Amino acid sequence: MFSILFFLPSFLSFSFWTFPLAGLRIQEYLYFQVLSPGDIRYIFTATPAKDFGGVFNTRYEQIYLVPTDPPEACGVLNNGVFIEGQIALVERGGCSFLSKTRVVQEHGGCAVIIADNAYDNDSSYVQMIQDSTRQTADIPALFLLGRDGYMIRRSLEQHGLPWAVISIPVNITSIPTYELMQPPWTFW
């Protein structure tokens, strides 16, 4: 079993994440890096759903992060064909976190990143929990700060791009501190 040490940005606490046989535990962070477009080539922090969804048991060196249409992903996706085999970027609101995850899964997505719909949220993570339907989802579901989601979508719109290229998960302990490209609008 291969273990990777991940640094948690709060109070200098450390956590072990075993990869690839087990996933993140509750209250841990997962990091991903946007590779393209270049103006948002940063490492972002996300948190896994508390009690539903799968775990990342594969590292994706280059995979598309596709914003869903409609952004809240509470039903059929107009761009569902582009979600298949990729990771969906969804906006919070309109239905439960689990419902959004199931919609992405039904469209063939391999994971979902749900960004807060409060665009000014640059520090508060929400615990994504199971809804009352007793349904399940098998793909990983992550929560992203609203400001991060907004900046990713804004960059894609400015460049006229249908998706970003990302690497996920990223082991930030293998990157020298001076090389960590953190979003300038987020405090780590």
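As the structure is a prediction and not an experimental result, all values here were calculated from the model.
Residues Gln127 and Lys50 share a closest heavy-atom pair of OE1-CD, 3.4 Å. When all heavy atoms of Ala88 and Ile83 are compared, the pair lying nearest together is CB-CD1, 4.0 Å. Of all non-hydrogen atoms in Phe56 and Leu30, the two that sit nearest each other are CD1-CD1, 3.7 Å. Nearest heavy atom pair, residue Gly94 against residue Cys74, reads C-SG, 3.5 Å. Pairing each heavy atom of Gly80 with each of His107, the nearest pair is CA-CD2, 3.5 Å. Smallest separation of non-hydrogen atoms from Asp122 and Trp185: OD2-O, 3.5 Å.
Ring geometry for Phe143 versus Tyr125: interplanar angle over 60°, hence perpendicular rather than tilted (30 to 60°).
Between the side chain of Ser155 and the main chain of Met151, no donor-acceptor pair closer than 3.5 Å is present. In this structure, the side chain of Asp148 does not engage the main chain of Asp116 through any donor-acceptor pair within 3.5 Å. The main-chain N or O of Ser123 is found under 3.5 Å from a side-chain atom of Asn121 such that the two form a donor-acceptor pair. Arg41 places no side-chain N or O within 3.5 Å of a backbone atom of Val34 that could act as its donor or acceptor partner.
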Query raised in the report: Passes side chain to side chain contact (heavy atoms under 4.5 Å, CB included), Ile87 versus Leu142? Steps please.
Result: CA-CA 11 Å; Ile87 298 175; Leu142 303 170; over 6 Å; no
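A donor atom on one side chain and an acceptor atom on the other are found under 3.5 Å apart for Tyr119 and Glu91.
Hydrophobic cluster membership is shared by Leu65 and Leu161, with clusters built from Ile, Leu, Val, Met, Phe, Trp and Tyr side chains linked at under 4.5 angstrom.
Under the 4.0 Å criterion applied to side-chain N and carboxylate O atoms, Glu106 and Arg102 are assigned as salt-bridge partners.
Atom OH of Tyr64 is surrounded by 12 or fewer heavy atoms from other residues, nucleotides or ligands within 6.0 Å.
Test Ile166, Leu156, Leu144, Ile114 against Leu89 for side-chain contact (heavy atoms from CB on, under 4.5 Å) and you get one pass: Leu144.
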